[in-house]
Amino acid sequence: MIYLNNAATSFPKPESVIQAVTDYNRGLPFHAMRSGFSAQTKDIVSDVREKLRHLLNAERPDQIILTSGATHSLNLIIRGVLEKNDHVVTTWTEHNSVLRLLKTLEKKEFIHLSLVECDKKGLVRPERISSALRDDTKAVIVNHCSNVTGAVQDLKKIGTLISAQDAFFIVDGSQSAGHMDIDIKEAKVDAFAFTGHKGLFGMQGTGGIYIGDRITPEPLMIGGTGVKSDYLYQPPGKPSYYEAGTPNMPGIISLDAGVSFVLQEGVQAVQNKKKFLKDIVLEAFLDHPQILVYGGETKEDFDSRSAIISFNIRGFSPSDTGYILEHAFEIICRSGLHCAPLIHQALGSYPEGSVRVSFSQFNSQKDAEALISAVFKIAKGRKFQ
Ligand SMILES: Cc1ncc(COP(=O)(O)O)c(C=O)c1O
């Protein structure tokens with residue numbers, strides 16, 4: 001079996017992640033601030049915050065809030081910051097974790113929404129974002145790296161252009177954290193949501209959000225934090241203000257081990273390896289008359305992108321191609337709209353979507369070649385087994 005669905009969730013996880021979770025589950029459960037074993041746990045929780053701070057170039061570890069994933073993080077920040085009649089600017093490249101929430105708030109007549117288009121490469125012109133700003137704009141929400149095309153938006157330029165206004169800059173970094181160098185300070189980002197189970201190699205149900213000091217959202221959930229238990233309100237102060245309830249300790253342990261793995265390997269080295277695999281596939285696909293690759297025409301168009309390729313074989317629906325790849329060739333990828341419906345309108349792949357392959361550093365050249373061979377066979381309409 002060849003797994004090429006790392007943009008959904010990374011597989012396999014590094015051995016160190018599996019070991020850390022196994023060790024945790026075998027031992028006495030410890031729990032930051034709430035048990036006799038807090039010293040050790042506190043260190044792990046502080047450790048992971050510090051590693052994530054380093055990865056994102058945030059100022060302080062307490063600005064890193066741990067959540068159950070990017071969807072949780074985005075709900076926390078969006079619901080926590082928006083007030084009635086606020087105006088919000090977002091883009092066609094967003095995932096449904098942003099789009100559905102904003103469209104729902106718009107339908108309830110709670111917010112006013114402006115959606116900025118991307119081009120057929122999946123890129124949003126920063127100037128278009130800044131010209132969508134109004135006096136009442138509270139937030140600009142941008143997906144850093146597309147989970148459909150791997151296209152990366154220019155955060156620094158967007159951050160600089162919008163900084164003249166008061167709007168908060170909120171970024172969905174689900175597909176960029178662990179995959180590429182990130183500097184939230186340089187890009188003037190106010191909140192950066194990320195997931196733990198993709199490029200950071202944690203377990204599913206992990207993630208977090210950086211919340212800068214310019215922004216104080218209301219908490220999404222209120223409850224026990226293990227501190228100031230005599231106080232009948234949510235004790236203020238990051239990070240515990242936003243972390244009510246028993247934390248997902250096995251998940252946090254996995255995230256700690258996953259982020260350590262990423263830092264040890266080096267984000268740049270990993271990116272280079274994945275680019276090598278992506279280039280092998282692109283070279284084959286872009287030249288093939290029956291294969292449509294979305295988001296670019298030349299290999300160079302994809303140079304600065306994440307290792308995600310969306311394509312279709314002419315004459316086959318994406319779901320048929322995905323099914324054949326999985327059942328005849330044991331290659332797992334994903335087909336459809338990938339929870340990001342609007343970008344497909346710009347790419348020309350709406351409404352059926354595309355077949356998406358996404359690499360991790362655990363994939364090999366052989367995997368890339370097996371994919372090419374399988375796709376070429378399907379395109380030729382050969383017998384599959
Ligand atoms: C761009 C993007 N945003 C948000 C999410 C949601 O992430 P999570 O699974 O951590 O909620 C995903 C995951 O598919 C994604 O690709």
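Note that ligands are numbered from 1 as they come in the structure, with each ligand's atoms numbered from 1 the same way.
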- Message: Would Phe201 and Phe362 count as a ring pair (Phe, Tyr, Trp, His ring centres under 6.0 Å) here? Give the steps.
- Response: CA-CA 11 Å; Phe201 291 108; Phe362 292 112; 5.8 Å; yes
- Thr90 vs Leu115, side chain to side chain contact (heavy atoms under 4.5 Å, CB included): CA-CA, chis, key distance, verdict: CA-CA 5 Å; Thr90 193; Leu115 277 158; 3.5 Å; yes
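With hydrogens and angles left out, the side-chain atoms of His87 and Thr137 include a donor and acceptor closer than 3.5 Å. A donor-acceptor pair shorter than 3.5 Å can be found between the side chains of Lys51 and Ser260. With hydrogens and angles left out, the side-chain atoms of Thr71 and His95 include no donor and acceptor closer than 3.5 Å. Using modelled atom types, one finds a donor on one side chain and an acceptor on the other under 3.5 Å when comparing Ser10 with Lys13.
Note: an N/O pair closer than 3.5 Å links Asp172 and ligand 1 by distance alone. Where the criterion is an N or O separation shorter than 3.5 Å, residue side chain and backbone included, Ala70 meets it with respect to ligand 1. On a distance-only criterion, Thr195 and ligand 1 share at least one N/O pair closer than 3.5 Å. Ligand 1 has no N or O atom lying under 3.5 Å from any N or O atom of Ser68, backbone or side chain.
Ion pairing between Asp183 and Lys185 fails under the 4.0 Å rule for side-chain N and carboxylate O. Under the 4.0 Å criterion applied to side-chain N and carboxylate O atoms, Arg49 and Glu243 are assigned as salt-bridge partners.
Of all protein heavy atoms, the one lying nearest to atom 16 (O) of ligand 1 is Gln175 NE2, 2.8 Å. Looking at atom 11 (O) of ligand 1, its nearest protein heavy atom turns out to be Thr71 OG1, 2.5 Å. Scanning all protein heavy atoms for the shortest distance to atom 13 (C) of ligand 1 gives Lys198 NZ, 2.7 Å. At the top of the distance list for atom 15 (C) of ligand 1, counting protein heavy atoms only, stands His95 CD2, 3.3 Å.
Neither the backbone nor the side chain of Glu94 has a heavy atom within less than 4.0 Å of ligand 1. Contacts between Asn143 and ligand 1 below 4.0 angstrom, taking non-hydrogen atoms only, involve the side chain exclusively.
Residue His179 is tested with Lys274, Gln271, Lys198, His144 for a side chain to side chain donor-acceptor pair (under 3.5 Å); the sole match is Lys274.
Applying the 4.0 Å criterion to heavy atoms of Gly69 picks out, from ligand 1, the atoms 10 (O).
In this structure, Ser97 has a heavy atom closer than 4.0 Å to ligand 1. Residue contacts with ligand 1 include His197, since one or more of its heavy atoms lies under 4.0 Å from the ligand.
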